[in-house]
Amino acid sequence: MERRTIGAGGLAVGAVGLGCMPMSWAYTASRQRGEESVKAVHRALDLGSDLLDTADMYGPFTNELLLGRVLKERRRDAFVATKVGLLVGEQHIVANGRPGYVRRACDASLRRLQTDVIDLYQLHRPDPEVPVEETWGAMADLVRAGKVRALGLCALGARGGRRSGAGLYDATLRRLQRVQQVFPVSAVQAELSVWSPEALQALLPWCEARGVGFLAAMPLGNGFLTGTLTPGEGFEPDDVRARHPRFTAEMMAANQPIVAGLRRIARRHGEDVTPAQVALAWVLAQGRHVIALPGTKQERWAAENAGAAGLRLTARDLAEVAGLPAAQGSWD
């Protein structure tokens, strides 16, 4: 698989990584099976999708424990990225960026992951009650202590409400400038896909100008861009898509032209090429420091996603994607 570098340290990872969250969190709990997920991780590593993205809050904690089972055997094959900064309660999630908590959380993640170093430690969300410089400084201390190799910041959830491209990541960019004065940022994680391209306006250019890796979260549009979801089929109550404005039956039907466009492009590249692979190839075509992080809990999808790294879209393909209609949500 093509290798891409992130950060000033030139850390090399496969162009397509593996988002591990669906194995333990946020998606259809009835289909979360540990053994199947373990096989998916092994398959991803076999194919060069070595960036494994997790977080202590996924589960909570169970996702890191699951990965620890694989890392115990294959630590040298993996680039481990996890996150800190969010605590999960009974009915709520709160941020905690206190330095003491960051240090304890890192030690706990190391134990669950069964490793002595985390390759990329990411701030999941800033704590509004703690200056971000203090949180980032504590994370930098972990690098100096040899427990972490590099630091990243997540810009997920920046929208809040309606999806608007204008100034969407202004607060994130200001935060990045602040923490960059404390310790170098190696990677930024944010949503980027054919139906959510907002990061292209300012956030990705900021990363490209500094050699900072861009980890593209939800590159398959929470599964919609795979073309495997049926409008009106519904989701289990614990599935995040059950409350997502783009996943009502009406909006899924309205957004089918996007999938149809990806399917047309896929057919030009061969019978075995899928809309999902076209969607991932589009993400990878957006910059040399972009790493796609499709999430899955199944071995077959991990293999399909990894195959997208070898798909090269033509100028005609990219122009066709640019001409697809913008995604609609129930807020529109």
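No hydrogens, no waters, no symmetry mates; every other heavy atom, side chains included, goes into these values.
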### Query
Taking only residues two or more places apart in sequence, or in another chain, which ones meet Gln277 in a side-chain hydrogen bond (donor to acceptor under 3.5 Å, both in side chains)?
none
### Query
Where do Val88 and Phe61 land on the side-chain contact (heavy atoms from CB on, under 4.5 Å) test, with the steps shown first?
CA-CA 10 Å; Val88 180; Phe61 311 127; over 6 Å; no
For residues 279-288, which side-chain donor-acceptor pairs fall under 3.5 Å, sequence neighbours excluded?
{"unit_1": "Gln286", "atom_1": "NE2", "unit_2": "Trp282", "atom_2": "O", "d": "2.8"}
{"unit_1": "Arg288", "atom_1": "NH1", "unit_2": "Glu208", "atom_2": "OE1", "d": "2.8"}

### Query
Cut-off 3.5 Å, side chains only: do Gln189 and Asp53 have a donor facing an acceptor?
yes
### Task
Please round to the nearest 0.5 Å and tell me the distance separating atom OG1 of Thr248 and atom CG of Asn255.
8.5 Å
### Query
Are there more than 12 heavy atoms of other residues, nucleotides or ligands under 6.0 Å from atom CD of Glu2?
yes
### Query
Considering all heavy atoms of both residues, which atom of Cys20 and which atom of Asn63 are nearest to each other, and what is their separation?
O-ND2, 2.9 Å
### Query
Got a sec, which hydrophobics cluster with Val130, joining ILVMFWY side chains under 4.5 Å apart, including via others?
none
### Query
Using a distance-only test with no angle check, is there a side-chain donor-acceptor pair under 3.5 angstrom linking Tyr58 and Lys83?
yes
#### Entry: Thr230 OG1 to Met252 CE distance, which is reported to the nearest 0.5 Å
7.0 Å
### Summary
Contacts of Cys207 meeting side chain to side chain contact (heavy atoms under 4.5 Å, CB included) (sequence neighbours excluded), chain-then-number -> Val188, Val212, Phe214
### Message
Any heavy-atom pair between the side chains of Pro184 and Leu151 that's under 4.5 Å?
### Response
no
### Summary
Tightest non-hydrogen contact, residues Leu86 and Ala95, listed as CD2-CA, 3.9 Å
### Non-hydrogen side-chain atoms of Met23 and Leu66 separated by less than 4.5 Å
yes
### Task
Could you tell me which residues satisfy side chain to side chain contact (heavy atoms under 4.5 Å, CB included) with Arg300, sequence neighbours excluded, listed by chain and number?
Gln298
### Task
Check whether any side-chain heavy atom of Leu52 sits under 4.5 Å from a side-chain heavy atom of Val70, and report yes or no.
no
### Message
The criterion is side-chain hydrogen bond (donor to acceptor under 3.5 Å, both in side chains); which residues satisfy it with Thr274, sequence neighbours excluded?
### Response
Glu304
### Salt bridge Glu36-Lys297, side-chain N to carboxylate O under 4.0 Å
no
### Query
Is it the case that Arg74 and His42 place a side-chain donor and acceptor less than 3.5 Å from each other?
yes
### Query
So do the side chains of Glu198 and Leu192 get within less than 4.5 Å of each other, counting heavy atoms only?
no
### Query
Of all residues at least two apart in sequence or in a different chain, which pass the side-chain hydrogen bond (donor to acceptor under 3.5 Å, both in side chains) check with Arg3?
Asp50
### Point-to-point distance, once rounded to the nearest 0.5 Å, from CG of Leu225 to CE of Met218
12.0 Å
#### Entry: Pairwise distance CG(Leu313) to CZ(Arg268) - rounded to 0.5 angstrom
9.5 Å
### Task
I would like to know whether Val278 and Leu311 meet side-chain contact (heavy atoms from CB on, under 4.5 Å); could you show each step before the answer?
CA-CA 8 Å; Val278 173; Leu311 178 61; 4.2 Å; yes
### Query
Roughly how far, to the nearest 0.5 Å, is CD of Gln177 from OG1 of Thr172?
12.0 Å
### Message
Counting neighbours of CZ on Arg316 that are heavy atoms of other residues, nucleotides or ligands and sit closer than 6.0 Å, is the number greater than 12?
### Response
no
### Message
Using only atom types and a distance under 3.5 Å, with no angle test, would you say the side chain of Arg175 pairs donor to acceptor with the backbone of Arg178?
### Response
no
## Note on the structure
Hits for side chain to side chain contact (heavy atoms under 4.5 Å, CB included) against Arg243, two or more places apart or cross-chain, chain-then-number order -> Val240
### Query
Where do Arg69 and Glu35 land on the salt bridge (Lys or Arg N to Asp or Glu O under 4.0 Å) test, with the steps shown first?
CA-CA 10 Å; Arg69 294 168 55 188; Glu35 292 306 320; 2.5 Å; yes
### Task
Looking only at non-hydrogen atoms, find the nearest pair between Ala190 and Tyr169 and report the distance.
CB-OH, 4.1 Å
### Query
Does one hydrophobic cluster hold both Val16 and Met21, with members joined at side-chain heavy-atom distances below 4.5 Å?
no
### Query
Do the side chains of Ser193 and Leu220 get nearer than 4.5 Å, heavy atoms only?
no
### Task
Please report the C-alpha distance between Val132 and Leu123 in whole Å, then the side-chain angles of each, then the deciding distance to 0.1 Å, and finally whether the side-chain contact (heavy atoms from CB on, under 4.5 Å) criterion is met.
CA-CA 10 Å; Val132 69; Leu123 178 58; 4.0 Å; yes
### Query
Taking the side chain as C-beta and beyond, is there a heavy-atom pair between Met1 and Ser49 under 4.5 Å?
yes
### Query
Distance-only, no hydrogens or angles: does the His289 side chain make a donor-acceptor pair with backbone N or O of Thr5 under 3.5 Å?
yes
### Task
Return yes if some donor-acceptor pair links the side-chain N/O of Tyr121 with the main-chain N/O of Cys106 below 3.5 Å, else return no.
yes
### Query
Who are the side chain to side chain contact (heavy atoms under 4.5 Å, CB included) partners of Leu47, not counting sequence neighbours?
Arg43, Ala303, Ala306
### Query
Among all residues two or more places apart in sequence or in another chain, which pass the side-chain hydrogen bond (donor to acceptor under 3.5 Å, both in side chains) test with Thr314?
Asp317
### Salt bridge Glu134-Arg98, side-chain N to carboxylate O under 4.0 Å
no
#### Entry: Side-chain donor or acceptor of Arg210 paired with backbone N/O of Trp206 under 3.5 Å
yes
### Val143 side chain reached by Arg149 side chain, heavy atoms, under 4.5 Å
no
### Summary
What one should report as the nearest heavy-atom pair of Leu324 and Pro257 is CD2-O, 4.1 Å
### Task
Report yes if some heavy atom in the side chain of Pro231 is under 4.5 Å from a heavy atom in the side chain of Gln256; otherwise report no.
yes
### Message
Ignoring hydrogens and geometry beyond distance, is a side-chain donor-acceptor pair present between Arg246 and Ser196 at under 3.5 Å?
### Response
yes
#### Entry: Pairwise distance CG(Leu71) to CZ(Arg76) - rounded to 0.5 angstrom
13.5 Å
#### Entry: Pairs satisfying ring pair (Phe, Tyr, Trp, His ring centres under 6.0 Å), at least one member in residues 247-271, at least two apart
Trp195-Phe247, Phe235-Phe247, His244-Phe247
### Query
Among side-chain atoms of Glu64 and Thr54, is any donor-acceptor pair under 3.5 angstrom?
no
### Query
Is a side-chain donor or acceptor of Asn305 paired with a backbone partner of Trp301 at a separation under 3.5 angstrom?
yes
### Glu250 and Ser330 side chains, donor-acceptor separation under 3.5 Å
no
### Query
Side-chain heavy atoms under 4.5 angstrom apart, residues restricted to Ile, Leu, Val, Met, Phe, Trp, Tyr: same cluster for Val117 and Leu65?
no
### Query
Looking at Asp107 and Lys147, does any basic side-chain N land under 4.0 Å from a carboxylate oxygen?
yes
### Query
Could you walk me through whether Phe224 and Met251 pass the side-chain contact (heavy atoms from CB on, under 4.5 Å) check?
CA-CA 11 Å; Phe224 183 83; Met251 290 301 102; over 6 Å; no
### Message
Through direct or indirect side-chain contacts below 4.5 angstrom among Ile, Leu, Val, Met, Phe, Trp and Tyr, which residues connect to Leu293?
### Response
Ile6, Leu11, Val13, Leu51, Phe79, Leu120, Leu215, Ile291
